[in-house]
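Just follow the structure's listing: the first ligand is 1, and inside any ligand the first atom is 1. Residue numbers run from 1 in the order of the sequence given. Everything numeric in this text was worked out from a predicted model, so none of it was measured.
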Amino acid sequence: MLRVVAYGRLPRKIDDAGAVVPEIHETIAGFRATLELERMEGRTVGLVPTMGFLHEGHASLMRRASAENETAAVTIFVNPLQFAASEDLGDYPRDLDHDLALAADCGIAHVFVPSVLEMYPEPMATSVHVAGITARFEGASRPEHFAGVATVVAKLLAITGPCRAYFGEKDFQQLAVVRRMARDLSLPVDVVGCPIVRDLDGLALSSRNVYLDPTQRAAAPVLQRALEAAAELVRSGATDPGAVRDCLADTIRGEPAAALDYADVVDAATLEPVAEVAAGQRLLVAAAFGSTRLLDNLEVPGHAR
Ligand code: AMP
C-alpha cells in the first residue's frame with residue numbers, strides 16, 4: 001500500500017517499508033515545474049541522465065546524487081540524435097520496471113521518462129557542437145554522436161534547471177565534452193564525474209554488454225587488462241607515449257575476439273596527445289567484439305619509487 005505524505009508543498013509517495021516511491025514524469029512542463037518547486041523549497045537537485053536499462057554503474061551515480069543532494073532525479077531517454085542510421089537505436093535494450101525499482105532503491109525522487117515526440121515534437125533545427133574534443137576517438141568512428149549527446153544533455157539541463165549532474169568516467173570523452181559545453185555556455189550546473197563500476201572479472205558495466213555472446217563476453221575483460229598492463233609500464237618508469245600505446249594495442253591484439261579501434265594516452269581535460277606520459281593523464285581504449293563496440297579507460301598512475 002502507498003501512503004502520500006506532505007514534503008514541504010510537494011507530496012511524496014511512501015511504500016510499506018517507508019521508502020520514497022519515485023514520481024514518474026512524462027512531460028517537460030511537469031518535470032521542470034516539479035524541480036523548480038523542489039528548489040523553491042530550498043532543496044538542491046542532483047540529476048543523473050541515462051538511456052535506461054540501468055545497472056550498478058548507473059546505480060552508483062544515482063546513489064551519489066541522492067547522497068549529495070536533497071532531491072535526486074534520473075532521466076531515462078534513448079536519444080535518437082546520438083545514434084547513426086546503422087546503429088542499435090531500435091534494438092537498444094529497455095526494461096522500465098527494473099529501472100524504476102533500481103531508482104527507488106537508490107533514493108531517487110523523480111524519474112523523467114519523456115517520449116521522443118515530447119523531446120522532439122518537430123525535427124531539431126538546433127544542434128550543440130563542441131569543437132576539438134569531439135574530433136577524435138568516439139567522434140572519429142561516430143561522426144554525429146557527440147552533437148547528439150551535447151544537444152540532448154543541453155536540453156535536459158535546460159529543462160532541469162540549476163543542479164549537480166552526475167556522469168560516469170566510463171564514457172570519458174562524453175564527460176569531457178559535457179564539462180566543456182557546460183563551461184562554454186555558463187550552464188547553471190556542477191558536472192560531477194563518477195568512477196567506473198566493473199564486473200568481477202574487470203569488464204566495465206555497460207547496457208551493451210548484453211549483446212555479447214559467451215565467447216565475446218569471456219574476451220571483453222582484455223580491455224581492462226590492457227589498461228592495467230599500460231599502467232604497470234608507467235609505474236615502472238615508462239614516459240614514452242608510443243611505448244604506452246603499443247602496450248595497450250598489443251595486449252588487445254593478443255585477443256582474437258577483439259578488433260582494436262583505438263588505444264592512446266591523452267591529456268585528461270582536452271583529450272589531446274601528450275609529449276610525455278605523466279600522472280593524471282588518461283589511457284583510452286575501444287575495441288569491437290563482433291558488432292558490439294566497448295570502451296574503457298584508466299587514469300595514468302604516478303611512477304612507483
Ligand atoms: P548510458 O545509459 O549508457 O547513457 O549511461 C548513463 C550514465 O551512466 C553515463 O554518464 C555513463 O557514463 C554512466 N555509466 C554507464 N556505465 C557506467 C559504469 N560502468 N560505471 C560508471 N558509470 C557508468
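- Between His110 and His25, the ring planes are tilted. Angles from 30° to 60° get that label.
- More than 12 heavy atoms of other residues, nucleotides or ligands sit less than 6.0 Å from atom CD of Glu68.
- The pair Arg63-Asp105 meets the salt-bridge criterion, with a side-chain N (NZ, NE, NH1 or NH2) lying under 4.0 Å from an Asp/Glu carboxylate O.
- Residue, atom and distance of the protein heavy atom nearest to atom 23 (C) of ligand 1 are Lys170 CB, 3.9 Å.
- Among all non-hydrogen protein atoms, the one lying nearest atom 7 (C) of ligand 1 is Pro49 O, 3.7 Å.
- Residue contacts with ligand 1 include His55, since one or more of its heavy atoms lies under 4.0 Å from the ligand.
- Residue contacts with ligand 1, taken as heavy atom pairs separated by less than 4.0 Å, involve His58 solely via side-chain atoms from C-beta onward.
- Salt-bridge formation is detected for the pair Asp201/Arg217: a Lys NZ or Arg NE/NH1/NH2 atom is positioned less than 4.0 Å from an Asp or Glu carboxylate oxygen.
- Residue-level proximity to ligand 1 for Leu61 is carried by the side chain, the only part with a heavy atom below 4.0 angstrom.
- Set against the non-hydrogen atoms of Phe167, the atoms of ligand 1 under 4.0 Å away are 10 (O).
- No donor-acceptor contact under 3.5 angstrom links the side chains of Tyr92 and Glu87, judged on distance only.
- For atom 22 (N) of ligand 1, the choice among Gly168, Ser207, Ser206, Ala204 with the nearest heavy atom turns out to be Gly168.
- A salt bridge is defined here as a Lys NZ or Arg NE, NH1 or NH2 lying under 4.0 Å from an Asp or Glu carboxylate O, and Asp88 with Arg208 meets this definition.
- Atoms of ligand 1 found under 4.0 Å from any heavy atom of Leu205 (numbered from 1 in listed order, with element): 16 (N), 17 (C), 18 (C), 19 (N).
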